[in-house]
Number of protein chains: 2
Amino acid sequence: MAKSPPTSRPKPASKRAKTASVSSKAPKAAAPASRKSPMRDQVMAFKREQILTEASELFYEHGYQRTTLDMVAQRLGVTKPFIYYHFKDKAAILSEISKRGISRGNEVLRQSLDGKGRAADRLYEAIKAIVRTILNSQRYTAIFFREQKNFDAEILAPLETMHREFDALLSRLLEEGVAKGEFRIADIRLCALAIGGMVNWAYTWYRESGRLSADDLCDGLARLALQMVGAPRA
Amino acid sequence: MAKSPPTSRPKPASKRAKTASVSSKAPKAAAPASRKSPMRDQVMAFKREQILTEASELFYEHGYQRTTLDMVAQRLGVTKPFIYYHFKDKAAILSEISKRGISRGNEVLRQSLDGKGRAADRLYEAIKAIVRTILNSQRYTAIFFREQKNFDAEILAPLETMHREFDALLSRLLEEGVAKGEFRIADIRLCALAIGGMVNWAYTWYRESGRLSADDLCDGLARLALQMVGAPRA
DNA sequence: TGATGTTGGTACCCGCAGGTAGGATTTCCA
DNA sequence: TGGAAATCCTACCTGCGGGTACCAACATCA
């Protein structure tokens, strides 16, 4: 894998009889579940991971539609059927990538909800953590938001649910802060959207080589969020 | 135009001799400048406008790549060459649409900079106006941000410049407020990005039929911006 | 009342990228 | 150690959609 010298496979050089025939559906494509050695699975998983990594880089760089699977294959030093062996089709790759773009933030947020202590502190920590994951998985986040219109219905639905959940969770945390008298918010739902925007937007402008360190950004945005809810941090 | 009954054009039904030949470059495509009647120009402009409107609707709905020019043509009740008569190619349409998505906000912001009075008031008015334009031209805004990766270099550059300008202008206004002692901001550039995110993000969630009216949204977001800069509005 | 320029429809071309057939190797187990 | 199953490459196929050649109709002015 990956840039290995020309994998010495004796080329058949057959000229193909162009007859078509109904053939069995191969190894079901997309994770044959397997029952065999655990090693097998790990290798499989690893390869899938490699594909996703390269694909996300290319999708991020050139956009989904402009990225061809041949490009992905070339980066990996393999060919298209390799990819099709591991994924049903191009959309499945996009789906997988996008799922990662959104799911992590929710986890972080859920933990903050469960936590104890002042709502302000939890909000601060939550935002910091969320920004952190956005910066870390910037490519996945960007793809998730940019390529919305390239999802087909069945994969779009769950992703949208997760996204809505994010706003809902954030709203709940804000609500708690208001109830406890820590926050002063005119419209909670709107405030949640505003915070979400401020935070998510980072995927558009963050650069590793930027003026501020990731730590500073996390802290800075978290403080701004606190200002927005009327609970500025010392 | 537009859903007219089958435009009765006698069909030639010729079977075409498939010979190719070098022909002159037609009416230069994309606004033949014209010198004739002023009426002519207005009609031309109107048609271009119609194309842009339908295209933006479809781009917004299905994404740029998934929208075919045949779809646009069909919506207008015309055919593809009609479009190609008015635009050089598909990218030119996207370019035009995107330009509108970003340029208006800058104008508004520039006016606020020039204005007199407290920085806080001007920021409030500026944000309100910007949100207003974002809501009004939601489709254009969405396309501008989503389709970044579908611009080719020469059109991307000016658009990026305009976008950067937005942040710069906003920063300047914030800076002024800090200088006057009205705002308390830890990091001006970051704060500008945060406000920009909060505001621009509206293109992702705004719905005309939503809970809040456009007016309320403009006011609400503007107030949140003031909270962020430490100058809450009574 | 033609000649000349505009306008856009018909019918087509063609390249690219998603996807597949089928077989050549290798791997895994009995 | 033989044979089934897994893996992935070579060589295709195919359709869709951007773009074009050509011409019919209309407008305009002389």
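Convention: sequence-line order gives letters A, B, ...; per-chain numbering from 1.
- If you measure from atom OH of A:Tyr84 to atom P of D:dT10, you get 17 Å, rounded to the nearest angstrom.
- Between C:dT7 and B:His86, no contact under 4.0 Å exists linking OP1 or OP2 to a side-chain N or O.
- Listed by chain and residue number, nothing satisfies the ring-ring contact (aromatic ring centres under 6.0 Å, His included) test with A:Tyr140 (two or more places apart in sequence, or in another chain).
- Distance B:Phe87 CZ to D:dG19 C1': 16 Å, rounded to the nearest Å.
- The base of D:dG19 sits with one of its N or O atoms less than 3.5 Å from a complementary donor or acceptor on the side chain of B:Lys80.
- Phosphate contact (OP1/OP2 of C:dG8, side-chain N/O of B:Tyr85, threshold under 4.0 Å): absent.
- Shown here are the salt bridge (Lys or Arg N to Asp or Glu O under 4.0 Å) partners of A:Glu107, two or more places apart in sequence or in another chain: there are none.
- Every residue two or more places apart in sequence or in another chain was checked for a side-chain hydrogen bond (donor to acceptor under 3.5 Å, both in side chains) with A:Glu96, and none qualifies.
- Between A:Arg100 and A:Glu49 there is a salt bridge, with a side-chain nitrogen of the basic residue lying less than 4.0 Å from a carboxylate oxygen of the acidic one.
- Distance CZ (B:Arg40) to C1' (D:dC29): 11 Å, rounded to an integer number of Å.
- Here the P atom of nucleotide D:dC8 and the CD atom of A:Gln74 are 18 Å apart, to the nearest Å.
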Symbol by symbol from the 5' end, with Watson-Crick or G-U pairs under 3.5 Å, [ ] crossing and | another strand, DNA chain D is ||||||||||||||||||||||||||||||

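- For the residue pair B:Asp216/B:Ser213, the side-chain donor-acceptor check at 3.5 Å is satisfied.
- Among pairs with a residue in residues 150-164 of chain A, those fulfilling side chain to side chain donor-acceptor pair (under 3.5 Å) read A:Gln65-A:Asn150, A:Glu147-A:Asn150, at least two apart in sequence or across chains.
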Exercise. Apply salt bridge (charged side-chain N to carboxylate O under 4.0 Å, His left out) to A:Arg75 and A:Glu57, showing your working.
Key: CA-CA 10 Å; A:Arg75 280 262 200 132; A:Glu57 220 148 86; 3.3 Å; yes

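- One can place CE of B:Met44 at 15 Å from C1' of D:dA27, the figure rounded to the nearest angstrom.
- Note: NZ (A:Lys90) to P (C:dA17) measures 9 Å, nearest angstrom.
- Residue A:Gln50 contributes atom CD, which lies 13 Å from atom P of D:dC8 at whole-angstrom precision.
- Contact annotation: A:Lys47 side-chain N/O to D:dC8 OP1/OP2 distance is under 4.0 Å.
- The distance between atom CD1 of B:Ile93 and atom C1' of D:dG18, rounded to the nearest whole Å, is 11 Å.
- Using a 4.0 Å cutoff on non-hydrogen atoms, the parts of residues 56-72 of chain B near DNA chain D are B:Thr67, B:Thr68, B:Leu69, ordered by number.
- The heavy-atom pair separating B:Ile130 from B:Gly105 by the smallest distance is CG1-O, 4.2 Å.
- Ring pair B:Phe145/A:Trp201: centre-to-centre distance below 6.0 Å.
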